[in-house]
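Since the structure comes first, as structure tokens, the remarks are kept for the end.
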Amino acid sequence: MDILTGPNVHIKDKTAVNEKIKALMKGGSKSLQVISDFDRTLSRHSYKGKVCPSCHGILESGLVMSESTRMELQELKTKYYSIEIDHNMTIKEKIPYMIEWYEKSHTIMLGANILKDHIADSVRESNVRLKDGCDEMFTLLNNHSVPLLIFSAGVGDILKEVISQKSTFHPNMKIVSNFMKFNEKGKMIGFLSDLIHVFNKNEGSLCHSQYFNDIRHRHNILLLGDSMGDLHMADGVEDVSTCLKIGYLNDKVDVLLDSFMDAWDIVLTDDQSMDVTNAILSLVTAE
Ligand SMILES: Nc1ccn([C@@H]2O[C@H](COP(=O)(O)O)[C@@H](O)[C@H]2O)c(=O)n1
Ligand SMILES: [Mg+2]
């Protein structure tokens with residue numbers, strides 16, 4: 001495939017990737033399910049040289065929070081994001097720090113008087129963008145009735161709003177994420193389910209066995225992510241025939257590329273588009 005020869009495409013085992021693509025094509029759209037991370041996988045890492053916000057980052061806007069609250073959250077991000085992407089630490093070592101980050105930031109959010117009514121405006125006013133070709137991917141998957149699970153350690157309410165404003169939230173899509181709980185006055189008072197952080201997606205995945213059971217005839221998976229934790233988003237799927245893993249590597253490319261190439265079938269560096277994914281999906285759904 002020409003699209004796999006670009007300078008930002010890195011593949012350790014080309015034969016294995018070709019075999020996997022052939023297997024996905026053989027199974028076609030009826031055997032396929034797509035599982036994708038959101039922040040920096042479906043959403044852009046950067047646009048015109050500026051880093052785009054994560055779901056949490058979108059809420060950290062002047063529309064929603066005071067300057068001092070935003071500074072507090074920003075300080076936490078500076079400390080803990082460097083741990084999230086530290087290549088000298090194992091995932092096991094990172095987990096307690098990720099829990100600490102989410103617990104601290106969610107406590108701050110609880111005291112920030114976040115209102116449901118602010119969500120749409122905070123998304124509208126933010127610099128968030130879906131990657132180029134996301135809209136086409138969503139349409140293609142919906143047209144072929146291929147289920148798309150969006151599995152995010154971000155904020156579910158925010159990512160759903162991003163997709164609704166920037167594209168379309170189709171009936172084949174399901175979100176597993178941290179959804180906020182609001183009181184009758186529309187004030188955020190917590191989260192609806194157990195915390196999903198960057199490195200416990202395996203637990204979240206196992207909790208959604210009913211979803212995977214409902215689509216159990218779909219033995220082929222296209223898995224999209226930008227973090228080593230995203231590799232576990234399909235842990236709840238039984239009887240997997242083929243799982244093609246595409247990893248979007250945005251940060252610290254020089255130090256992380258080797259470990260990403262060991263873990264993901266295809267690694268795309270600084271790719272703010274869904275072009276490679278869409279090219280593969282076009283082949284798989286062409287029947
Ligand atoms: N307080 C926080 C907590 C997490 N993040 C970032 O969100 C990303 C998780 O969302 P995914 O859709 O990628 O699962 C993660 O990469 C964190 O860096 C944040 O910005 N603020
Ligand atoms: Mg991500």
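Note that ligands are numbered from 1 as they come in the structure, with each ligand's atoms numbered from 1 the same way. All values below were derived from every heavy atom in this structure, side-chain atoms included, with hydrogens, water molecules and symmetry-related copies excluded. Each residue takes its place number in the sequence, starting with 1. Worth saying up front: this structure is predicted, and the values here are computed from it rather than measured.
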Please determine if [X] and [Y] form a salt bridge, counting it only when a charged side-chain N lies under 4.0 Å from a carboxylate O.
X	Y	result
Asp37	Lys201	yes
Lys104	Glu72	no
Lys12	Asp262	yes

[atom]: which protein heavy atom is closest, and how many Å away?
atom	value
atom 5 (N) of ligand 1	Trp101 CH2, 3.6 Å
atom 20 (O) of ligand 1	Ser54 OG, 2.6 Å
atom 4 (C) of ligand 1	Tyr102 OH, 3.1 Å
atom 10 (O) of ligand 1	Asp39 OD2, 2.9 Å
atom 13 (O) of ligand 1	Asp37 OD1, 2.8 Å

Strictly under 2.8 Å, is the Mg ion (ligand 2) approached by any N, O or S atom of Asp39?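 Yes.
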Within a distance under 4.0 Å of any heavy atom of Phe38, pick out the atoms of ligand 1 and give their elements.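 Listed by number with element: 12 (O).
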Closest to the Mg ion (ligand 2), which N/O/S atom of Asp37 is it?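 The nearest such atom is OD2.
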So which of the N, O or S atoms of Asp226 lies nearest the Mg ion (ligand 2)?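 Nearest N/O/S atom of Asp226: OD1.
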Heavy-atom count around [X] [atom1] within 6.0 Å, excluding the residue itself: above 12?
X	atom1	result
Asn183	CG	yes
Tyr211	OH	yes
Lys160	NZ	no
Lys252	NZ	yes

N or O pair under 3.5 Å between [X] and ligand 1:
X	result
Glu60	no
Gly154	yes
Ala153	yes
Asp230	no

What is the distance from atom OG of Ser54 to atom CZ of Arg40, rounded to the nearest 0.5 Å?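 If I round to the nearest 0.5 Å, the distance is 5.5 Å.
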Give the contacting part of Ser152 toward ligand 1: side chain, backbone, both or neither, where contact means a heavy-atom distance below 4.0 Å.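 Both backbone and side chain.
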For ligand 1, indicate whether the residue Tyr81 contacts it via side chain, backbone, both or neither (heavy-atom separation under 4.0 Å).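 Contact part for Tyr81 vs ligand 1: side chain (C-beta onward).
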Heavy-atom distance to atom 16 (O) of ligand 1: which of His197, His56, Glu84 wins?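 Checking each option, the heavy atom nearest atom 16 (O) of ligand 1 is found in Glu84.
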Under a heavy-atom criterion of less than 4.0 Å, does Lys201 contact ligand 1?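 The answer is yes: ligand 1 sits under 4.0 Å from a heavy atom of Lys201.
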Take Asp265 and Lys20 through the test salt bridge (Lys or Arg N to Asp or Glu O under 4.0 Å) and record every step on the way to the result. CA-CA 9 Å; Asp265 296 308; Lys20 283 192 180 192; 3.1 Å; yes
Between Asn178 and Gly154, is there a donor-acceptor pair closer than 3.5 Å when you use the side chain of the first and the backbone of the second?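 Looks like yes, one N/O pair under 3.5 Å.
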